[in-house]
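A short worksheet on the structure shown next.
Residue numbers begin at 1 in each chain, while the letters A, B, ... track the order of the sequences. It should be emphasised that the depicted structure is a prediction, and the values quoted were computed from it without experimental measurement.
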Amino acid sequence: EPEVTQTPSHQVTQMGQEVILRCVPISNHLYFYWYRQILGQKVEFLVSFYNNEISEKSEIFDDQFSVERPDGSNFTLKIRSTKLEDSAMYFCASSLYQGNTEAFFGQGTRLTVV
Amino acid sequence: SQQGEEDPQALSIQEGENATMNCSYKTSINNLQWYRQNSGRGLVHLILIRSNEREKHSGRLRVTLDTSKKSSSLLITASRAADTASYFCASGTGANSKLTFGKGITLSVRP
């Protein structure tokens with residue numbers, strides 16, 4: 001069964017360092033998303049991406065964040081200069097269509113900023 | 001309360017019993033999706049119900065949607081110990097299908 005895969009599963013980084021979280025969406029999906037879940041809190045929307053452009057982003061997704069689809073399969077989230085409060089589980093998701101369609105999530109990358 | 005609030009926050013039942021979880025939301029939605037998360041792991045998609053649908057079934061899952069009350073319920077019948085997990089509702093809104101999640105319900109199914 002097709003699935004969204006994320007690497008690494010766990011990343012520890014020092015405050016101020018750049019991190020890149022990687023995702024391989026389901027191969028025929030066209031819409032891609034990043035969400036995050038701070039420990040014990042809700043899953044929060046960060047950004048949606050379609051046709052090599054950001055479709056929508058939340059207030060959390062500030063200038064420290066960027067997304068890219070560098071090739072036909074990968075979708076990345078970059079945090080330029082990590083802060084302690086960026087520690088969270090980051091989920092990538094993809095969907096085939098926009099609108100009334102299921103979004104399938106990856107297993108997540110647990111980012112720990114020390 | 002915020003978009004996508006579930007209740008109860010925690011539910012403990014015996015194996016074989018049915019589990020009912022409720023979700024409320026505030027704004028107009030395109031759809032309502034339910035997800036399961038096992039112990040800090042990934043979000044597994046369970047079922048999607050569209051705003052023009054009232055009830056949907058998938059295996060042991062039954063989801064209802066009442067747009068007049070802005071609420072949804074997820075029923076798991078004949079629960080198993082393996083159903084132990086956190087369950088989230090997520091409302092899909094807007095052209096970009098952004099999902100707004102609730103805080104989740106922790107379901108414990110005792111063997």
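Residues of residues 82-92 of chain A that come within less than 4.5 angstrom of chain B, heavy atom to heavy atom, are A/Met89, A/Phe91 in numerical order. Contacts between residues 45-81 of chain B and chain A, defined by a heavy-atom separation under 4.5 Å, are made by B/His45, B/Leu48, B/Arg50.
Using modelled atom types, one side-chain atom of A/Arg80 and one backbone atom of A/Asp63 make a donor-acceptor pair closer than 3.5 Å.
Relative orientation of the A/Phe32 and A/Phe75 rings is tilted, given thresholds of 30° and 60° on the angle between their planes.
When the shell of 6.0 Å around CG of A/Asp71 is examined, it contains more than 12 heavy atoms from other residues, nucleotides or ligands. Counted within 6.0 Å of CD on B/Gln14, heavy atoms from surrounding residues, nucleotides or ligands total more than 12; the atom is thus considered enclosed.
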Derivation and outcome, side chain to side chain donor-acceptor pair (under 3.5 Å), residues B/Gln37 and B/Tyr35: CA-CA 7 Å; B/Gln37 185 181 39; B/Tyr35 289 85; over 6 Å; no
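The six-membered or imidazole ring of A/Tyr35 lies near that of A/Phe45, with a centre-to-centre distance under 6.0 Å.
A/Gln37 touches chain B through its side chain: at least one heavy atom from C-beta onward sits under 4.5 Å away, while N, CA, C and O do not.
Screening residues 25-89 of chain A for disulfide (SG to SG under 2.5 Å), with sequence neighbours left out, gives no hits.
Using a 4.0 Å cut-off between charged nitrogen and carboxylate oxygen, A/Arg36 and A/Glu44 count as a salt-bridge pair.
Ranked by non-hydrogen atom pairs under 4.5 Å with chain B, the options A/Leu39, A/Thr101, A/Val4 are led by A/Thr101.
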Taking distance alone, no hydrogens or angles, what donor-acceptor pairs closer than 3.5 Å link side-chain atoms of residues 102-114 of chain A to residues at least two apart or in another chain?
| unit_1 | atom_1 | unit_2 | atom_2 | d |
| --- | --- | --- | --- | --- |
| A/Thr109 | OG1 | A/Pro8 | O | 2.5 |
| A/Thr112 | OG1 | A/His10 | NE2 | 3.1 |

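For the residue pair A/Tyr33 / A/Ser95, a side-chain donor-acceptor distance below 3.5 Å is found, with atom types taken as modelled.
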